[in-house]
Visitor: 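What follows is a single structure, and I will ask about it in a moment.
Hydrogens, waters and symmetry mates play no part in the numbers below; they use all other heavy atoms, side chains included. This is a predicted model, so every value here is computed, not measured. As the structure lists them, so they are numbered: ligands from 1, and atoms in each ligand from 1.
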Amino acid sequence: MKNIYKNSPKNLNKAKKLLRKNNIIVVPTETVYGLAGNAYSNSSIKKIYKLKKRPKINPLIIHYNNIHSVKKDAYLDEKFIKLYKKFSPGPLTYILKKKKNSKISMLANANLETIAVRFPKNKIVRDLLQNLEFPLAIPSANISSAISPVNCVDVLDEFGKKIKFILDGGTAKIGLESTVVNLHGKTQILRPGSISKKQISQVLKKKISILKKINKITSPGLLKRHYSPGIPVKLNCKKKEDKAAFIVFGKKYRNGNGVFNLSKSGNLKEAARKLYKTLRKIKNLKYKKINVVKIPNSKIGIAINDRLKKAAY
Ligand code: TXA
Ligand code: MG
């Protein structure tokens, strides 16, 4: 397809040129695919919000190459340094206090005094960041409140011809968005992901919690309904209802006849990788409702259940 571009030096150059002209492109990351734009440019940020139909109060994550490039935009404290050393580059997003003289577009962070920063691990997006003069705002490449894309075809499913340039990085390794940890004010997980509460607590040597009640100020964008396939989703089902698609987990279940197994071997990482793909497949097969079995609520299962709960809202 003509808007999908393979990873090559020539195409990376094309991508850089587009970004420097404040165009929006799609890039792979290890979590999900994202819409990338120059974080210093108001016009780029406006284009991102418009494409995603995203409410302006839902701020974006700013993606950097390394710790040096983030210094001019945010205050870096001890907690951040500890976590950075352990988990970055990788699927962890930090909420930090923004510097007054930062050049990050105010439109990207909903006028908050904080910014979300992440250092992605995917080699393609890292190559891009290394060679640009600005960081990239990269929200997931889906229409607001819909299912996040884990490959190029998913991106086309979301945006069709509206996106002119998609860098192909194959299927996203993790398949769920990064863990978001708040480090300004109360240390807390705002969005669970593959890096768990336990792992973060261990590094900080401190007990932390996962945000339960959604609070407008600390987490404006954590909408209750999200990751939605657009049809009713029922959780913790013991069996399949008539005409429903049934999402299951573990060796007890077989695929086929409307049954979709996230992992026959009961592997939560595999289930995470397959979750969005499965939801999208079911949506495109035009099922009218989805039943989901109980998924173990440990490790990345916590993030899977978080997404399922929002999809069911
Ligand atoms: O894995 C990821 O993080 C992906 C890939 C593409 O990097 N990106 C992603 O971005 O998931 P997005 O825009 O779909 O989700 C960003 C989340 C939202 O829940 C938003 O509310 C929160 O981060 N966020 C951003 N800035 C924030 C801030 N200053 N304070 C609190 N939450 C913030
Ligand atoms: Mg998103």
Visitor: With 2.8 Å as the limit, count the protein N, O or S atoms near the Mg ion (ligand 2).
Guide: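 There are 1 of them.
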Visitor: Where the closest heavy atom to atom 9 (C) of ligand 1 is concerned, which of S140, A116, S178 has it?
Guide: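 That would be S140.
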Visitor: Kindly state each residue pair satisfying salt bridge (charged side-chain N to carboxylate O under 4.0 Å, His left out) with at least one member in residues 51-77, sequence neighbours excluded.
Guide: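 Output for this query is empty, none listed.
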Visitor: Applying a strict 4.0 Å limit to heavy atoms, is K98 in contact with ligand 1?
Guide: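 Flag not set, K98 not near ligand 1.
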Visitor: Could you list all the side-chain hydrogen bond (donor to acceptor under 3.5 Å, both in side chains) pairs where at least one residue sits in residues 195-206, not counting sequence neighbours?
Guide: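 Listed once each, the pairs are S196-Q199.
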Visitor: Would you mind running through ligand 1 and noting each atom that sits below 4.0 Å from a heavy atom of T114?
Guide: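 Answer for ligand 1: 28 (C), 29 (N), 30 (N).
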Visitor: Under 4.0 Å from any heavy atom of P139, which atoms of ligand 1 are there?
Guide: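 Heavy-atom distances to P139 below 4.0 Å select 10 (O), 12 (P), 13 (O).
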Visitor: Answer with yes or no whether the hydrophobic clustering places I61 together with L211; edges join I, L, V, M, F, W, Y residues whose side-chain heavy atoms lie under 4.5 Å apart.
Guide: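 Unlinked, I61 and L211 end up in two clusters.
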Visitor: Please evaluate residues S209 and Q188 with respect to the criterion side chain to side chain donor-acceptor pair (under 3.5 Å), reporting the C-alpha separation (whole Å), side-chain torsions for both, the decisive distance (0.1 Å), and the verdict.
Guide: CA-CA 5 Å; S209 59; Q188 200 176 33; 3.3 Å; yes
Visitor: Can you name the closest pair of heavy atoms from P192 and I302 and give their distance?
Guide: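 The answer is CB-CG2, 4.1 Å.
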Visitor: Does F260 have its ring centroid less than 6.0 Å away from the ring centroid of F246?
Guide: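 No, ring centres 6.0 Å or more apart.
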Visitor: Could you work out, for atom 1 (O) of ligand 1, the closest of T31, L136, V27, T29 by heavy-atom distance?
Guide: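 Checking each option, the heavy atom nearest atom 1 (O) of ligand 1 is found in T31.
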Visitor: Of the backbone atoms (N, CA, C, O) and the side-chain heavy atoms from C-beta on, which set of I95 has a member under 4.0 Å from an atom of ligand 1: side chain, backbone, both, or neither?
Guide: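 The answer is the side chain of I95.
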Visitor: Does any N or O of ligand 1 fall below 3.5 Å from an N or O anywhere on H63, backbone included?
Guide: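 So ligand 1 has an N or O lying under 3.5 Å from an N or O of H63.
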Visitor: Please find the pair of heavy atoms, one from K99 and one from A74, that lie closest to each other, and give the distance.
Guide: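 Scanning both residues, the minimum pair turns out to be CE-O, 3.7 Å.
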Visitor: Would you mind finding which of N58, L190, L60 brings a heavy atom closest to atom 18 (C) of ligand 1?
Guide: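 Nearest heavy atom to atom 18 (C) of ligand 1 lies in N58.
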Visitor: Mind checking whether R54 has an N or O less than 3.5 Å away from an N or O of ligand 1?
Guide: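 For ligand 1, there is an N or O atom that lies under 3.5 Å from one belonging to R54.
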Visitor: Can you name the nearest heavy-atom pair linking T93 to R118, along with the distance?
Guide: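 Here T93 and R118 meet closest at OG1-CD, 3.2 Å.
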Visitor: Under 4.5 Å between any side-chain heavy atoms of P296 and F249, yes or no?
Guide: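 Yes, at least one pair of side-chain atoms sits under 4.5 Å.
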Visitor: Among pairs that include at least one residue of residues 247-261, which meet side-chain hydrogen bond (donor to acceptor under 3.5 Å, both in side chains), considering only residues two or more places apart or in two chains?
Guide: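 For residues 247-261, and leaving out neighbouring residues, there are no side-chain hydrogen bond (donor to acceptor under 3.5 Å, both in side chains) pairs at all.
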